[in-house]
Each structure stands twice: as structure tokens, then as C-alpha cells.
Amino acid sequence: MKRIAKRFAFVVGLALAGLLPAQAANISIATGGTGGVYYPIGGGIAQLLSKKVPGMEATAEVTGGSVDNLKLVGNDNSYIGMTMSDAAQDAFRGENKFQGNKLGLRTLMIMYPNSMHVVTVEGKGIETFADLKGKRVSTGSPGSATEVMAFRQLEAAGLDKDKDVKRERLSVAESVNAIKDNKIDAFFWVGGLPTAAVTDLANTPGVKIKMIDNADLVPKMNEKYGNLYVQSVIPKETYRGMDKDNQQASVMNVLVANASMPDDVAYNIVKTIFESRDDLIAVHQITAEFKLENQKQSSTPIPFHPGAVKYFKERGISVTSSVMQFPYEG
């Protein structure tokens, strides 16, 4: 602790003396569990920022997922965090898991769509979403947006999350191990394609994966929570053993920052990510979806950070940083 305090004092002293670049910052990237997609992407972004932004040191942190990330970002402007847009909307409005606690957040960029995996294996007697009733089901780890979306899907299907399923709260990696050990019958996971932990399950000898369709729940979910979800497909080539394309619900991921993050820091983060995208694609193929043309106000429930707005304006893209254009202030 003494060493950390001395280092902090030294850095502050340098900054006051004008010996550090204006954009110098230590950034923590709130990601998710190690078996998901957020974590490797966060590690790739951290390497890029540390290497290419003068004076910036970035690290990726393992977290419970979107809800935890939003809390970290909302309370500390040295964090940026990956989150699903439905959890972000709750945090911005102060609803559900953020009841009475609106967080001052801004969007840095739209990332990629997350696909809802409702996963089981052959022999569990689960062929449709309704067959989850009475089964042992993991709805995602505490603090994750998987849990948020799983609860909404169960609700849309007319199932009570507390009475109709025997619920566990496991990360995707823990869920895979639990289903291998016959401790659960199915699990929810919302993430990018492919997710390493699900690939591991699909490649396990003697196991045949089954993906349960859930796209038909989207209209009821959007009716209650807003147009956050879209019907989409996980192609059957994504995971070994899939017999057919999986019809599922998707939700967009966004990268968010605290509203008080300095504009030059936010600008440099966004600029570096987009101008070094090929480096990130080498880390995980889903980052090919990091596209300038996807930066649309309609894809995020949170206004863009002024630093991000500046970069996108330079690239000919118009988005807003004004909360006045949003029905709920952060």
C-alpha cells in the first residue's frame, strides 16, 4: 500500500509539473468472466491503449459482467466497461437492479451484438423453451446481464424464475462444468460468437449440444422493456453438434464511460480502438463488428461521450452527447 501511495503521489507530482502528456491516464477495463467474450476483448483493448496512447496504462479486470461493470464505471471515471444495452438502460434510468440510483454514464462506442444461448445437451428432455419448467437451470452469474435477460425471457415465456425452474447463478464457465457433471440441465448465456466456454462443451467427447430456440420471445420482451432486442440466428456451424440454425434473441453491446471522464481521454480511447481494429480481430473475430457505420444513436440507450462525438464527427458520423434528447437523464 505504501508503494502504491508513493507511486500515486509521484504521478500526481509529474502531472502538476507538466511532465506527463495531457492524455495520461490509468484506465481499468471492466469485462466479465474468463470463459466469456468480454474478457479477451478487454485484454486486447488494454494492450492497445497501453501501447499506443502516450502516458496511458490500461488493464483488464475480471468481473461478474454488465451490472457489475456499470456500477464500477458509474462510480469511478478511471473505468470503462462493456455492457449489454438493456442493463445499461436500467443503470441510466435508475431502474430494476439500479432502482433509485441513476448512474452518470456515456457511450464510447457500439461494439457488437450478443446472442442469447439457451444451452442443454442431449438426454435432458429439453426440446423447447417451455421444457425448462421444473429443470435445474443456471440463469447466469450475479451481476451479469445474462441474468437480466434470462429473467426477462422466462417472464415472456410465462415462467416464474423462482417457482418454475430450479435456479442456479453460475458464470458461463461454471455452467459448462456443471452441465458436464450433471448438476444442471440447461443454462443461459448471452455473449458473442463463438463463446469459448460453449465451444468447450460442444467439443467434449460423448456430449451432443442442443441449442433451444428463443427468438419468439422478442416481441413480448420489447413490448415491456423497449426496442432493445432483435430476432437473430446462431448458425449451426458455430458450435460442433448443432443440427440446425438456432433462432434466438440478440441485444447490442456498448462500451461505456463515466460522464465525467475527460474528453481527451475518451477521444484517445475511441480513436485507438477504431484505428487499430485489425489488432483486435486477431484477438477475437467478433471485433470485426466494431464498425463506424454501426455508431448510431438508435443502438444505445445512453448519449455518447463528447470525446467520442468529436472522433466520430471527424469521420463523418453524427451522434449526440446531449441528455436533453433522451427521455431519462443519467
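Residues satisfying the ring pair (Phe, Tyr, Trp, His ring centres under 6.0 Å) test with Phe188, not counting sequence neighbours, are Phe129. Taking Glu155 as the reference, Lys224 meet the salt bridge (Lys or Arg N to Asp or Glu O under 4.0 Å) condition, with sequence neighbours excluded. With sequence neighbours excluded, the residues forming a side-chain hydrogen bond (donor to acceptor under 3.5 Å, both in side chains) with Arg167 are Asp162, listed by chain and number. In this structure Ala266 satisfies the side-chain contact (heavy atoms from CB on, under 4.5 Å) test together with Leu108, Met261, His305, sequence neighbours excluded.
With salt bridges taken as basic N to acidic carboxylate O contacts below 4.0 Å, one links Asp200 and Lys180. Salt bridge annotation for Lys124-Asp185: present, with a cationic side-chain nitrogen under 4.0 angstrom from a carboxylate oxygen. Between Glu314 and Lys271 no salt bridge is recorded (no basic side-chain N to carboxylate O distance below 4.0 Å). Electrostatic pairing of Lys97 and Glu147 counts as a salt bridge here, judged by a charged N lying under 4.0 Å from a carboxylate O. The residues Asp243 and Lys208 are annotated as salt-bridged, a charged nitrogen and a carboxylate oxygen being separated by less than 4.0 angstrom.
A side-chain N or O of Thr107 and one of Thr300 form a donor-acceptor pair less than 3.5 Å apart. Under 3.5 Å, the side chains of Lys313 and Ser318 contain no donor-acceptor pair of N or O atoms. The closest side-chain donor-acceptor pair between Asp86 and Tyr229 falls under 3.5 angstrom. Under the 3.5 Å distance criterion, with hydrogens and angles disregarded, a donor-acceptor pair is assigned to the side chains of Ser138 and Ser175.
Here the side chains of Val198 and His117 are in contact, with some heavy-atom distance below 4.5 Å. Side-chain contact between Val207 and Leu201: present, with at least one pair of heavy atoms (C-beta onward) separated by less than 4.5 Å. Using a 4.5 Å heavy-atom cutoff, the side chains of Val254 and Thr83 are in contact. Two residues are said to be in side-chain contact when any heavy atoms from C-beta on lie closer than 4.5 Å; Met221 and Asn227 fail this criterion. Inter-residue side-chain proximity for Thr128 and Asp213 is flagged as unmet; no heavy-atom pair is nearer than 4.5 Å.
Closest heavy-atom contact between Gln295 and Met109: OE1-CA, 3.3 Å. Summarising the geometry of Gly36 relative to Val172, their closest heavy-atom pair is N-CG1, 3.9 Å, with the distance given to 0.1 Å.
Separation of atoms CG (Asp90) and CG (Leu70) is listed at 9.0 Å; rounding is to 0.5 Å.
Under a cutoff of 6.0 Å and an axis angle of 45°, Arg152 and Tyr225 form a cation-pi pair.
Ring geometry for Tyr311 against Tyr267 counts as perpendicular: the plane angle is over 60°, on a 0 to 90° scale with 30° as the lower cut.
Ile281 belongs to no hydrophobic cluster with other residues, because no ILVMFWY side-chain heavy atom falls under 4.5 Å from its own, directly or through intermediates.
Screening Ile212, Val137, Thr120 against Leu132 for a side chain to side chain contact (heavy atoms under 4.5 Å, CB included) leaves a single residue, Val137.
Here ring-ring contact (aromatic ring centres under 6.0 Å, His included) pairs that include residues 25-82, with residues two or more places apart or in two chains, number zero.
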